[in-house]
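Heads up, the thing below is written out as structure tokens.
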Amino acid sequence: RRVIVFSCSSEIRRMEPPITTLMFRRLPRRLVAGELLQEIEAILGRGVVDFLLLPWKEGIEKNLGYAFVNFLDAEIAAAAQQELQGKLLGRDSTRIVPGDIQGLRACLERTQQWLES
């Protein structure tokens, strides 16, 4: 599997644990991780993301149409969902929802498990 990882309801509310990881759905299939990160940082500022996973399908050089992004805190994640929902990359079809796992450590552990499977 080819994976690029940067490590350094559909509305987010204050919850325990706080929501910091979002799943971006319906992304353009030729999008690369660096482009997604640039788009996020252009709107929210640099240094707000500590994890980004955009899985690729082997052999066809296209991503799977979704990504997981962990933000530094819940307030940034909430702003990301509000500012980027339906507006990311000029596509109104992009959807952003809370991830099924939350936090940098959980994202890294899940990625490691996925790579080992």
Side-chain angles (χ1 to χ4, degrees):
R1 294 183 181 159
R2 183 172 151 201
V3 177
I4 298 173
V5 176
F6 290 105
S7 181
C8 7
S9 124
S10 64
E11 184 178 75
I12 295 180
R13 298 178 183 95
R14 291 193 180 274
M15 300 174 72
E16 284 297 324
I19 306 277
T20 59
T21 305
L22 301 176
M23 180 180 191
F24 288 62
R25 296 179 178 171
R26 300 183 191 162
L27 294 174
R29 299 291 299 272
R30 296 204 182 270
L31 180 70
V32 297
E35 292 170 332
L36 178 57
L37 183 61
Q38 284 179 339
E39 183 81 8
I40 291 168
E41 289 184 336
I43 295 170
L44 298 173
R46 294 186 54 124
V48 297
V49 170
D50 61 8
F51 177 90
L52 189 154
L53 172 64
L54 180 66
W56 281 73
K57 186 162 184 159
E58 271 186 65
I60 64 168
E61 296 303 313
K62 291 183 181 179
N63 71 56
L64 297 178
Y66 64 88
F68 293 96
V69 180
N70 190 70
F71 295 89
L72 296 179
D73 61 45
E75 288 77 25
I76 297 170
Q81 187 177 36
Q82 182 176 2
E83 295 296 320
L84 301 172
Q85 184 79 266
K87 303 173 195 167
L88 189 64
L89 303 160
R91 292 175 57 111
D92 63 358
S93 63
T94 301
R95 296 291 172 251
I96 304 169
V97 297
D100 62 338
I101 60 169
Q102 291 297 314
L104 176 60
R105 173 175 268 171
C107 288
L108 292 172
E109 288 172 358
R110 177 74 61 91
T111 302
Q112 185 64 37
Q113 292 169 357
W114 184 68
L115 289 172
E116 292 173 353
S117 66

Looking at every heavy atom in both [X] and [Y], which two are closest together, and how far apart are they?
X: A80; Y: I96; value: O-CD1, 4.2 Å
X: I19; Y: Q102; value: CA-OE1, 3.3 Å
X: Q81; Y: P98; value: NE2-CD, 4.3 Å
X: L52; Y: A33; value: CD2-CB, 3.7 Å
X: A67; Y: L36; value: CB-CD2, 3.7 Å
X: L54; Y: W56; value: O-CD1, 3.1 Å

Considering only heavy atoms from C-beta outward, does the side chain of [X] approach that of [Y] to under 4.5 Å?
X: T111; Y: L108; answer: no
X: F71; Y: I40; answer: yes
X: L22; Y: L84; answer: no

### Task
List for me each residue that meets side chain to side chain contact (heavy atoms under 4.5 Å, CB included) alongside R25, sequence neighbours excluded, and say none if there are none.
M23, R95, V97
### Message
Going by side chain to side chain contact (heavy atoms under 4.5 Å, CB included), name the residues that satisfy it together with E35, two or more places apart in sequence or in a different chain.
### Response
L31, V32
### Query
Taking atom CZ of R26 and atom OG1 of T94, what is their separation to the nearest 0.5 Å?
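It is 8.5 Å, given to the nearest 0.5 Å.
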### Task
State the CD1-CD distance between I43 and Q38, to the nearest 0.5 angstrom.
12.0 Å
### Task
Mark yes or no for whether N63, through its side chain, and P55, through its backbone, hold a donor-acceptor pair below 3.5 Å.
no
#### Entry: L64 with I101, same ILVMFWY side-chain cluster at under 4.5 Å
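Not linked; separate clusters.
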### Message
Determine whether L53 and R110 satisfy the following criterion, side chain to side chain contact (heavy atoms under 4.5 Å, CB included), listing intermediate values before the conclusion.
### Response
CA-CA 11 Å; L53 172 64; R110 177 74 61 91; over 6 Å; no
### Partners passing side chain to side chain donor-acceptor pair (under 3.5 Å) against T21 (at least two apart in sequence or in another chain)
N70
